[in-house]
Amino acid sequence: MSSRSSTVQRLGRSFFARHTLYVARGLIGANLVRIVDGERLSGVVVETEAYRGRRDPASHAYPGVTKRNEVMFGEPGHAYVYFIYGFHYCLNFTTEPSRSAGAVLIRALEPREGLGSMMKNRGTRETTEVASGPAKLTQALRIDLSLNGTDVVKSKELFLEKGTRPSRVLRTTRVGVTKGKSLKWRFLVEGSSFVSKGRPALPESITTSGAA
DNA sequence: GCAAAGATCGGCT
DNA sequence: GCCGATCTTTGCA
């Protein structure tokens, strides 16, 4: 309530202009902030997935530049929002230098500020149901295609603040993809009850055996 | 021009 | 555990 934004450091361009896997891991623990009608809605990122370019068959950027995915090839630090399954929006942040495709999908948040509004947006009273999935959090934060391409380094309505990285971050395979299944490009906070539960996660192997 | 799959969620069996 | 809702993008004719 009294934490002053002047003391909080925002994630800058250089944070995003790196290898997508580093950004995906680095975003765990950051505070995602969305301003709606002057109110701060926010949550700590507890789950992410990395999507790369031409060599990642699960990525939207795999076929090359199209109208839908062009943001992924642009300047790092922009929001890439897409519509999926006729119902849902998903939020990503672009990575890698310009021309090189990459994005990190935000899969789950631990709610922080504006919980009442987020619950209302979601139609639930369970805190663990507010943002425990990629399409759930966009609904909670009222994110849609109008925010596609937003520069989150400069934006006043959607941005990221530096947080504390949790001590235990697990690395597993991505959820919901049919290609590139063996790649362990999903990161999540160990033991968090705010991560997505869309699929029965395989035993969260901390070992790297079998990593492709 | 048409068909099929898709980085999901929620409800029902 | 399975299925339906609903629409954008892509691939192929």
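Sequence lines set the chain letters: A, B, ... in the order given, protein chains first and strands last, and positions in each chain run from 1.
Between Y80(A) and Y82(A), the two ring planes are tilted [angle within 30° to 60°]. A tilted orientation is assigned to the rings of Y89(A) and F83(A), their planes being inclined by 30° to 60°.
Rounded to an integer number of Å, the gap from CD of E47(A) to C1' of dA7(B) is 11 Å. Across the protein-nucleic acid pair, I106(A) atom CD1 and dT8(B) atom C1' stand 16 Å apart, rounded to whole Å. Note: CZ (R122(A)) to C1' (dT8(B)) measures 11 Å, nearest angstrom.
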Applying side-chain hydrogen bond (donor to acceptor under 3.5 Å, both in side chains), run through S117(A) and E39(A) and close with a yes or a no. CA-CA 9 Å; S117(A) 297; E39(A) 183 187 15; 2.7 Å; yes
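Under the 3.5 Å distance criterion, the side-chain polar atoms of T138(A) are left unmatched by any main-chain donor or acceptor of I143(A). Formation of a donor-acceptor pair under 3.5 Å by the T150(A) side chain with backbone atoms of V152(A) is not found in this model.
The residue among K179(A) and L137(A) whose nearest nucleotide of DNA chain B is located toward the 5' end is K179(A).
Counting only Watson-Crick and G-U wobble pairs whose two key distances fall under 3.5 Å, DNA chain B forms stems of three or more stacked pairs at B:1-6 with C:7-12, B:8-12 with C:1-5.
Among dG10(B), dA7(B), dT8(B), the nucleotide with an atom closest to any side-chain atom of E129(A) is dG10(B). The side chain of A135(A) lies closest to dC9(B) when the candidates are dC9(B), dA7(B), dG6(B).
The salt bridge (charged side-chain N to carboxylate O under 4.0 Å, His left out) pairs that include a residue from residues 89-100 of chain A are R52(A)-E96(A), where partners are two or more places apart or lie in different chains.
Legend: residues meeting salt bridge (Lys or Arg N to Asp or Glu O under 4.0 Å) with R13(A), ordered by chain and number and at least two apart, are E75(A), D151(A). For S42(A), the side-chain hydrogen bond (donor to acceptor under 3.5 Å, both in side chains) partners at least two apart in sequence or on another chain are E113(A).
Atom P of dG1(C) sits at a distance of 22 Å from the matching atom of dA7(B), rounded to the whole Å.
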Protein proximity profile, nucleotides 6-13 of chain C - base contact B, sugar-phosphate-only contact S, no contact -, cut-off 4.0 Å on heavy atoms: BBSSS---
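Alongside V33(A), the hydrophobic cluster contains I35(A), F159(A) (criterion: ILVMFWY side chains under 4.5 Å).
Between K136(A) and dG10(B) there is a side-chain N or O to OP1 or OP2 distance below 4.0 Å. For dA7(B), the OP1/OP2 oxygens have no side-chain nitrogen or oxygen of S59(A) closer than 4.0 Å.
In this structure, Y82(A) does not pack face-to-face on the six-membered ring of dA7(B), missing the 5.5 Å centre cutoff or the 30° plane limit.
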